[in-house]
Amino acid sequence: MRICHFSDSHLGAGDSYSRRGKSGLTERQEDIINGYVFAIDKIIELKPDVCIHAGDIFHRVRPLNSIMAIAAEQLHRLAAIEKIPTIVIAGNHDAPKQPHVGAAIDVFKQIENLHIVAGNALKKIQIGDTMFFALPHCLTTNELKTELDLCIPDSEYKNNVLIAHGVAAGMPEFSMADLGEQELPLESLNRFDYVALGHFHNYCKVAQTAWYAGSTERLSQSERDSAKGLLEVELNPLNVKFHEVESRAMISIDRIDVKGMRGDQVAEIIRKQLDQVDSTDKIVRVNVTGVTEETIKTMPADVVSRLKEKAFALDIRFERDKSESTDIGFGRSAIGRLDEGFIEYLLSVDLEGFDRDILKREALKYLSVE
Ligand SMILES: [Mn+2]
């Protein structure tokens with residue numbers, strides 16, 4: 001039995017990015033969609049016996065219709081046209097917080113050869129000589145425990161495979177402190193011939209037979225050094241191989257110390273650094289330390305937006321000079337992140353009965369300096 005395991009496509013993410021591409025979605029959303037499509041191209045080329053998506057195919061509970069159509073087209077291609085039996089589980093990002101809302105992936109249930117697993121309950125799926133225990137994201141720890149207790153390998157089958165979305169226990173470095181994150185005890189993972197995990201975005205082995213496939217595109221700076229792609233898994237004996245797919249480069253320019261410098265000098269230093277790393281097609285974070293009130297006051301008004309033209313995306317973080325005692329924030333830069341953070345939060349929560357646009361407008365009134 002040969003399996004392809006991929007995960008965390010987060011389709012729809014990147015909507016706060018400013019430039020729009022040909023599709024009308026943002027260029028960043030297009031990147032994220034491309035990662036998902038490239039992974040499916042590779043899986044079709046590898047022609048496994050079974051394909052697994054271990055959760056968070058969508059970034060939000062309610063994706064745009066256009067995003068759902070893209071997801072459906074590719075799953076149809078994989079399962080119905082290429083006839084690769086495919087199992088997709090709900091993750092914490094795309095599982096609804098209220099059961100009556102239902103999971104977006106449920107819409108794909110009718111696709112031939114596709115097994116959709118959502119709704120807080122384990123589903124056992126037999127394919128050939130292998131039993132797949134597909135455990136979607138559960139709403140509560142109690143529900144998770146009840147369902148995990150049902151995950152007992154059956155010796156009737158040559159292989160038993162567990163599919164789950166969450167944090168492998170005892171590995172705090174893997175916790176992304178996400179809302180609704182769930183912990184999977186190692187003793188329940190170790191019983192299986194293979195465990196296909198989702199949630200952690202950098203592919204890695206976490207227990208004797210348990211692997212995270214990682215995400216199909218980089219979604220945060222903590223993923224900048226990790227290649228993106230999918231796992232090809234041979235069972236009996238277990239052999240796991242990573243296949244890379246194309247993804248956007250992410251870099252971090254760390255600790256440019258600007259103590260005692262004026263804002264216009266700082267802008268020039270950042271510009272030179274960006275030239276050195278050939279930043280045009282990359283997502284770049286710049287950490288500037290030793291910033292004083294004087295640095296901010298002497299920074300030309302449009303400097304950040306002009307620097308932004310030099311990268312695909314640019315996030316400049318100014319860190320205050322520790323010897324400066326004042327408590328006042330950093331105007332544009334600090335506030336800029338606060339309002340962006342709040343909008344991101346607004347987009348990520350269910351706002352039943354509220355108008356998202358009105359809330360967004362009101363919030364910006366209070367959080368923006370302009
Ligand atoms: Mn997740």
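As a basis for the values below, the full set of heavy atoms in this structure was taken, side chains included, without hydrogen atoms, waters or symmetry mates. From a predicted model like this one, the values you see are computed outputs, not experimental measurements. Just so you know, ligand 1 is whichever comes first in the structure, and atom 1 is the first atom listed for that ligand.
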Query - Name, closest N/O/S atom of D56 to the Mn ion (ligand 1) - result: OD2
Requested in this report: Have a look at H199 and say which of its N, O or S atoms is nearest the Mn ion (ligand 1).
Outcome: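 Of the nitrogen, oxygen and sulfur atoms in H199, the Mn ion (ligand 1) lies nearest to ND1.
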Report task. Verify whether one side chain among T26 and D15 offers a donor that lies under 3.5 Å from an acceptor in the other. Result -> no
Query raised in the report: Can you tell me if an N/O/S atom from H137 lies under 2.8 Å from the Mn ion (ligand 1)?
Result: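 H137 does not place any N, O or S atom closer than 2.8 Å to the Mn ion (ligand 1).
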Query raised in the report: Quick one: do I89 and L184 end up in the same hydrophobic cluster if we chain Ile, Leu, Val, Met, Phe, Trp and Tyr together by side-chain heavy atoms under 4.5 Å apart?
Result: no
**Report entry** Considering all heavy atoms, the nearest K97-N92 contact
**Finding:**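 In this case the closest contact between K97 and N92 is NZ-O, 3.4 Å.
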Query - Qualifying residue for side-chain contact (heavy atoms from CB on, under 4.5 Å) with I253, from I270, V286, I316 - result: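 Only one option passes, and that is V286.
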